[in-house]
Amino acid sequence: MKKKWFLLLFVCVLFSIIGQAVVDAAPAPVGDIYVQDFADVLTDKEETELISKAKELEKNTSAQIVVLTVQTTEGQAIADYANEAFRQYGIGDKEQNNGILLVLAMEDRKARIEVGYGLEGTITDGIAGRILDDYTIPALKDGKPNKAIMDTFDTLIQAVEGEYAGASELPAKNWDFQNWGLSEWLTFPLFLLIGLTAVLSALFALYAFIINPIISLFTGGWKKGKKSSSDYHDYSNHHSSHDSSSGGGGSSGGGGADRDW
């Protein structure tokens, strides 16, 4: 009898958890992924403009910026809701994880910028917070949510474009020795020393991890340096604890910021 009651209780709890998960899930994306305006904040013209800008950004950088508006997150913290929606939508390139999600919960009066792993160095938590403070929240407080979205979207695009432009447009170094000043002559030996150290380190690593094991293999010393299966198991467990599940494309680890208005 007790087993039956326990089984019944387990089933009830299980269905409660599943039901809560269904409630908390973000709406399935409709149409172009870039604009998911379920709160009906934007005009058709504004949606078209955002989609065009987002497509151009993805074409040039592979990064994706998506805006999601809902009436409410049904009591779920907006940070958790945004992270789940980000993974559900698979925003950004799967390999680069270079996606950004802007979420507005209109009835809850909450906004969040969720950033993919690959762009956390560009859109840090602090920068995401400042973007919300400078562009999103003031317009929302003025009762202009569409302006909040448009301005925030443009600012995020500029930040992402700047990241990719900076990575591909490094200035060429001037190697005209005759025109060098004191600063160039002082820093040149330092860079030379760094380069020499890097070369020596590479040679040492080559010997230690490739040449020496090969020699040891033929001299019977290989077993001394060989890791046991338990060593690799511990290493795998340590690093797998930092992994995160991914959606259909990019993923986010919770980087970003949120604000109330």
Side-chain angles (χ1 to χ4, degrees), residues 26-86 88-89 91-92 98-116 119-120 122-165 250 252 254-261:
V30 178
D32 286 302
I33 188 66
Y34 315 103
V35 178
Q36 302 297 316
D37 186 22
F38 294 99
D40 198 22
V41 172
L42 300 166
T43 65
D44 291 342
K45 182 180 178 181
E46 288 168 338
E47 286 192 20
T48 301
E49 182 179 343
L50 290 178
I51 291 171
S52 176
K53 291 179 178 179
K55 284 184 176 180
E56 185 68 17
L57 177 70
E58 183 177 5
K59 177 183 176 183
N60 295 333
T61 67
S62 80
Q64 286 185 332
I65 299 179
V66 174
V67 57
L68 167 65
T69 70
V70 293
Q71 292 297 345
T72 178
T73 63
E74 301 291 346
Q76 186 178 18
I78 193 165
D80 296 335
Y81 186 89
N83 185 257
E84 290 179 11
F86 193 110
Q88 179 182 338
Y89 291 1
I91 302 169
N98 53 354
I100 299 175
L101 174 64
L102 170 63
V103 181
L104 267 64
M106 303 307 297
E107 291 182 5
D108 301 335
R109 302 179 69 83
K110 296 180 183 294
R112 178 169 177 84
I113 294 175
E114 184 78 11
V115 183
L119 289 175
E120 287 183 351
T122 302
I123 309 294
T124 63
D125 294 357
I127 291 176
R130 288 201 299 272
I131 292 174
L132 290 171
D133 292 337
D134 294 344
Y135 298 95
T136 317
I137 300 305
L140 288 169
K141 287 182 176 179
D142 287 342
K144 301 176 181 178
N146 53 340
K147 176 176 171 57
I149 293 172
M150 301 298 288
D151 291 350
T152 305
F153 208 90
D154 286 343
T155 305
L156 291 171
I157 286 178
Q158 291 174 12
V160 174
E161 288 178 337
E163 162 68 12
Y164 282 87
S252 168
D258 53 78
R259 297 287 190 270
D260 299 350
W261 78 88

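Please read these numbers as outputs of a predicted model, since none were measured by experiment.
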Trainee: Any side-chain heavy-atom pair from Thr136 and Arg259 closer than 4.5 angstrom?
Mentor: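 With C-beta onward as the side chain, the pair stays apart.
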
Trainee: If you look at every heavy atom in Gln36 and Val30, which pair is closest and at what distance?
Mentor: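 Reported closest heavy-atom pair: OE1-N, 2.6 Å.
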
Trainee: Of all heavy-atom pairs between Leu104 and Ala111, which one has the smallest distance, and what is that distance?
Mentor: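 Residues Leu104 and Ala111, closest heavy atoms: CD1-CB, 4.2 Å.
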
Trainee: Listed by chain and number, what are the side chain to side chain contact (heavy atoms under 4.5 Å, CB included) partners of Thr61, not counting sequence neighbours?
Mentor: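 Here the qualifying residues are Leu57, Ala63, Val160, Tyr164.
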
Trainee: Which atom names give the shortest non-hydrogen contact between Ile123 and Ala128, and what distance separates them?
Mentor: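 Heavy atoms only, the tightest pair is CG2-CB, 4.0 Å.
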
Trainee: So Thr69 and Ile149, do their side chains get closer than 4.5 Å, heavy atoms only?
Mentor: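 Result yes, sub-4.5 Å side-chain heavy-atom pair found.
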
Trainee: Would a 4.5 Å heavy-atom cut-off, applied to side chains only, mark Asp154 and Lys53 as touching?
Mentor: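 Counting from C-beta outward, Asp154 and Lys53 do come under 4.5 Å.
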
Trainee: For Asn98 and Ser62, what are the C-alpha separation, side-chain angles and deciding distance, and is it a side chain to side chain donor-acceptor pair (under 3.5 Å)?
Mentor: CA-CA 8 Å; Asn98 53 354; Ser62 80; 2.9 Å; yes

Trainee: Answer yes or no: is there a side-chain heavy-atom contact under 4.5 Å between Tyr34 and Glu58?
Mentor: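 Tyr34 reaches Glu58 side chain to side chain.
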
Trainee: Is there a side-chain contact between Val35 and Phe153 (heavy atoms, below 4.5 Å)?
Mentor: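 The answer is no; the side chains never approach within 4.5 Å.
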
Trainee: Check step by step if side chain to side chain donor-acceptor pair (under 3.5 Å) holds for Gln64 and Tyr89.
Mentor: CA-CA 11 Å; Gln64 286 185 332; Tyr89 291 1; over 6 Å; no

Trainee: Is the closest side-chain heavy-atom distance between Thr152 and Ile113 below 4.5 Å?
Mentor: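 Yes, their side chains come closer than 4.5 Å.
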
